[in-house]
Structure formats: C-alpha cells, structure tokens
There are 2 protein chains.
Amino acid sequence: MDYSPDLDLFARTELFQGTSPEALRFLQASAGRRRLAAGDILLQQGDRTTSLFVVIAGRLRASQMAQDGQQIIIRYIGPGEVAGYAALVGSDTHPGTVTAVDDSHLIGWTSAIVRQIMERYPIVAINALTLLGRRYHEMQIRLRELSTERVERRIGHTLLRLAHQSGRRTARGIEIAFPLSRRDLAEMVGTTLHTVSRTLSAWEERGIVSCGRCRVVLCKPHALVAIADEEEE
Amino acid sequence: MDYSPDLDLFARTELFQGTSPEALRFLQASAGRRRLAAGDILLQQGDRTTSLFVVIAGRLRASQMAQDGQQIIIRYIGPGEVAGYAALVGSDTHPGTVTAVDDSHLIGWTSAIVRQIMERYPIVAINALTLLGRRYHEMQIRLRELSTERVERRIGHTLLRLAHQSGRRTARGIEIAFPLSRRDLAEMVGTTLHTVSRTLSAWEERGIVSCGRCRVVLCKPHALVAIADEEEE
DNA sequence: CCTCCAATTTGAGCCAGCGCAAATAGTTGG
DNA sequence: CCAACTATTTGCGCTGGCTCAAATTGGAGG
C-alpha cells in the first residue's frame, strides 16, 4: 500500500468530522486499507458483518436483491462517505451488496473497533446518527416519488440527485461522474432499461441531456427541474 | 397528568433499553408528558424540531407529503418506539408529519436534553443507531418491493408486516390492532384505495381475510404468505 | 329512528409503461 | 482488422392498475 491517509482526510469524512486530534490518531492507528478495481465486490448481502468502510477515493454502488434475482440500487457512495453501515448499527449481516463502479480506495475498521470508537468518542456516534438520518430521509423521498410520480419525473429527479451528489462540470453541462448504464438508472428509478432509453432519447432530441455508453451529461439542468417539478394540471 | 411513568417503562423502550438506573432517573426527571386523542397531530412536516418522543401507549402514523398534496405513509409507531426522530439525528425540521390514530400517551424530551443524554450515556446513541438502522433497512425492502412487485403482493407484504408489528390474536385470526382504512393501506402500498378494496374483496371471498370499516383481520396468514412470496413463473 | 357523512364497493374504459423481439452500435481482446 | 460481447435503441402489442363515476353501507350524532 503506497497510500497513507493523513489526519486531514479523516477530518473531512462525514463520519469523523469534528473529532479530536487524539481520536484521529487512534482512528489512523486502527485502520485497515483496501483497494478495489471497478467491478470488484466489497461486501455481499447476507454476509456476516466484519468491518465498516469509509471511501477515500472512487465510487461504489449499494444494491439490494430479492430471492428471485430482481435487484434495485439503493445508492451510490462517494469519497468521504460510509460504506457497509451494518457495523455502525450493530446488524450482524449486511443488508445489501456493495460493488465498486470505479477503481476505489477505502479505509476500514473492524466492528469491534467501531464499537469501541463510538463508546470512547460519542461525537462519532452522533455523526453516524446524522448521516443515517440523512439517508433515511432520502429514502422517504424516493419512496414517495416511486409511489406517486410517473416514470419520466422520477428519472428526472434521480438524475438531478445524482448530478448533485457527484456531478462534474464540463463544457457540455454537468456530467454524472461515474459509469451509469441505462439499466443502472432503471434500477434506481424503478422501471425498465427500455423506458429509460426511450426517455433519454427524447430528452437528447430536445438538447436537455447528452448521453453515451454508460454516460449521462445534463446539458439543461433547469429544463430537467421543470420536468421533474412541473405541476400536474 | 395522572400518569407517572416508572423506570421499568423506560427500560423497555427501544431507545433506552440497557441504560443504567442512574440514566433512567435522569430521563425520568427531564421528561415531559403528552396525551393525544385519535386524530390529533403530534408534529408537522417542516416544523422546527423541538422534541423527541417515545410512545408509551397508543399508536401514531408518520407520513410524508409532497407539494401537490400527494402523501404516503412512512410507518406506524407503537408503544416503546420513537416518534419524531429528527431530534435524534440533529435535523432542524421534521421530515414528516406524525398523527395519532388512537388515543396515545407519549413522553418527550427537548432536543437539547436529547443531545445531552446521548453525550452522557453513549448507549442511548448506540440504541438510536440500531433503531434507525432497522428502519432504514425496512425502507430498503419497501423500496425494492415497490420497484419490482405487483400490487397484490405488495398489499400482502404490507399486511403481514403490519400484523407482525401490531397484530392481535383473535378468534377469527390476527387483527391489525388499529384503525386502518383502505386509503391508509393504499398510501402504504403505493396504489389507490380502489385497488386495495378490490383486492381485499377478492381475498375475503377466499376466506383469507375478513374486513370491516377501517378493520382488517388476517384469517389465513399462511395463504397470504403464499401470495406474497410465490414464485413468479 | 332518521340524517348526514365518510368509508367502501363495484363497473367501465383507457393508457403508461412493460414484455418481447430484433436491429444497431460501441468496446475489448486477440 | 475481426470476433464476440455488451449496451443501447426502437417497434409493437398487451395489460395491470389507474381514472372517473355511481351506488351502497356503516356509524355517529341528534
């Protein structure tokens, strides 16, 4: 491992911000490192919980699968964010699968260490609550969208959220900064890749988006907002 | 207030189980009490967060509304559970509305006290994480169901979950122990009250359920499991 | 017992979006 | 440059479940 995370790095993560220098040193001392290539699996749904990870660089996808193989994407996880929250909430198995979608670099702690950290530094437990509360709230909103909105608006909302979380400014607009296939988008939105493809094609026609293989660029985000939030007449 | 919650009561809630006698005494001393009649609103979406509540008796409904008035039911909250989790995660406004569906009795603490409690007694923060992790996981599952399953199966899963959380054994079967209209069920499942009504009628025909005005009794839970989990051929 | 209101049931028609299928276009490895 | 594969596009027909409408039922209050 050629990479040695410095203390600043920890201080910028959602889980460890605001912790004392002493705590940061302890975190550094007890951490393990992990590198993944795009496509590698970090942890599998149903696996016994052993560690908690924080993403340093790269991007991962958390997904949920049913017995019949149907799966959905819960969220994408980027730098500074927590992956494998089971260790945080004391669950003994992982509720979902986490896969790298880009080459990624993570730092990890065992469940026992995590528990110890939270007991010794309550700010970490409180940060964890804040972060989980945010994710829970996000889920409430997605659940509402899925229950009440048409596919086109859901695709719009999803793209706007992705752009917000991990958009990259480019000459042509805001690009989703990781490989995102039509199928991926469908599994986030709750539809089929066919419908996503048709919708994107229509939008591309109107110059709202520009897309390629596993790539989406939002050229007119405001137009997308209009579609996502327009009043039902 | 004629009701004086004893220490045992706290020890049985999801948030305070496992706390020391000293902590329990502090909790008791700093608690406020609140009674609600069925239909009363405990807190409204968007309101500034002031308190956290624990349900002692009764039942409440947490819901989420969009600008256009479309709403969904996030969950029902029963004895021993937390209502108004915003104070727990440090959110400054409530993400949803909480309404009593039965006469209810709650105990509450101000946000400042909650913060103080979590810093002084880390077990409470850890309990909070566990509880929120459980709810988050529930949401993942509902999101997956909503994305991939047909209405009939979703209604089945929802009824089974409700029966599990707050079912009451009766001569005719397991009764959902609080008023649940077709509309309520529809707002949990992500469909219309018409479709719920048609589905329940069909099931009643087959003796699987028995229902009245705002009442549902599961007469053959195993048949419902079969419907909810049957293989798609 | 009667009135009023909310909850529920049921019918009929329609359509957004799915399922299926087939063609096309990038990508990767050889 | 070719082969094999994966991602994407697009057409077509079908249908689950929504929308609209109207009748019915059960309770609560007087």
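In what follows, every chain begins at residue 1, and chains take the letters A, B, ... in the order their sequences are listed.
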Whole-Å distance separating the CD1 atom of A:Ile155 from the P atom of D:dT8: 13 Å
Closest-nucleotide 5' rank along DNA chain C - winner of A:Glu152 and B:Leu193: B:Leu193
Neighbour count above 12 (heavy atom, 6.0 Å) for B:Arg215 CZ: yes
Phosphate-side-chain proximity, B:Ser181 and C:dA7, N/O vs OP1/OP2 below 4.0 Å: no
Residue A:His194, side-chain heavy atoms: nucleotide from D:dC18, C:dG19, C:dA21 that is nearest: C:dA21
Given C:dA7, C:dC18, D:dC18, the nucleotide with the shortest approach to the side chain of B:Cys214: C:dA7
Separation of C:dG19 P from B:Arg150 CZ (nearest whole Å): 7 Å
Any A:Thr191 side-chain nitrogen or oxygen under 4.0 Å from OP1 or OP2 of C:dC18: yes
D:dT10 OP1/OP2 closer than 4.0 Å to side-chain N/O of A:Ser197: no
Angle by which the axis turns from one end of the helix from C:dC1-D:dG30 to C:dG30-D:dC1 to the other, five pairs per end, to 10 degrees: 60°
Closest-nucleotide 5' rank along DNA chain D - winner of A:Arg182 and B:Val151: A:Arg182
Distance, rounded to the nearest Å, where B:Glu204 contributes CD and C:dA7 contributes P: 18 Å
Whole-Å distance separating the CZ atom of B:Arg183 from the P atom of D:dC18: 13 Å
Sugar-phosphate, base or nothing in reach of A:Arg213, heavy atoms under 4.0 Å: base
Atom pair distance, as rounded to whole Å: CZ in B:Arg215 and P in D:dT25: 22 Å
Aromatic ring pairing A:Tyr85/B:Tyr136, orientation class (parallel under 30°, perpendicular over 60°, tilted between): perpendicular
Result of checking A:Ile73, A:Leu185, A:Thr191 against A:Thr158 for side-chain contact (heavy atoms from CB on, under 4.5 Å): A:Leu185
Side chain B:Arg198 and base D:dG16 donor-acceptor under 3.5 Å: no
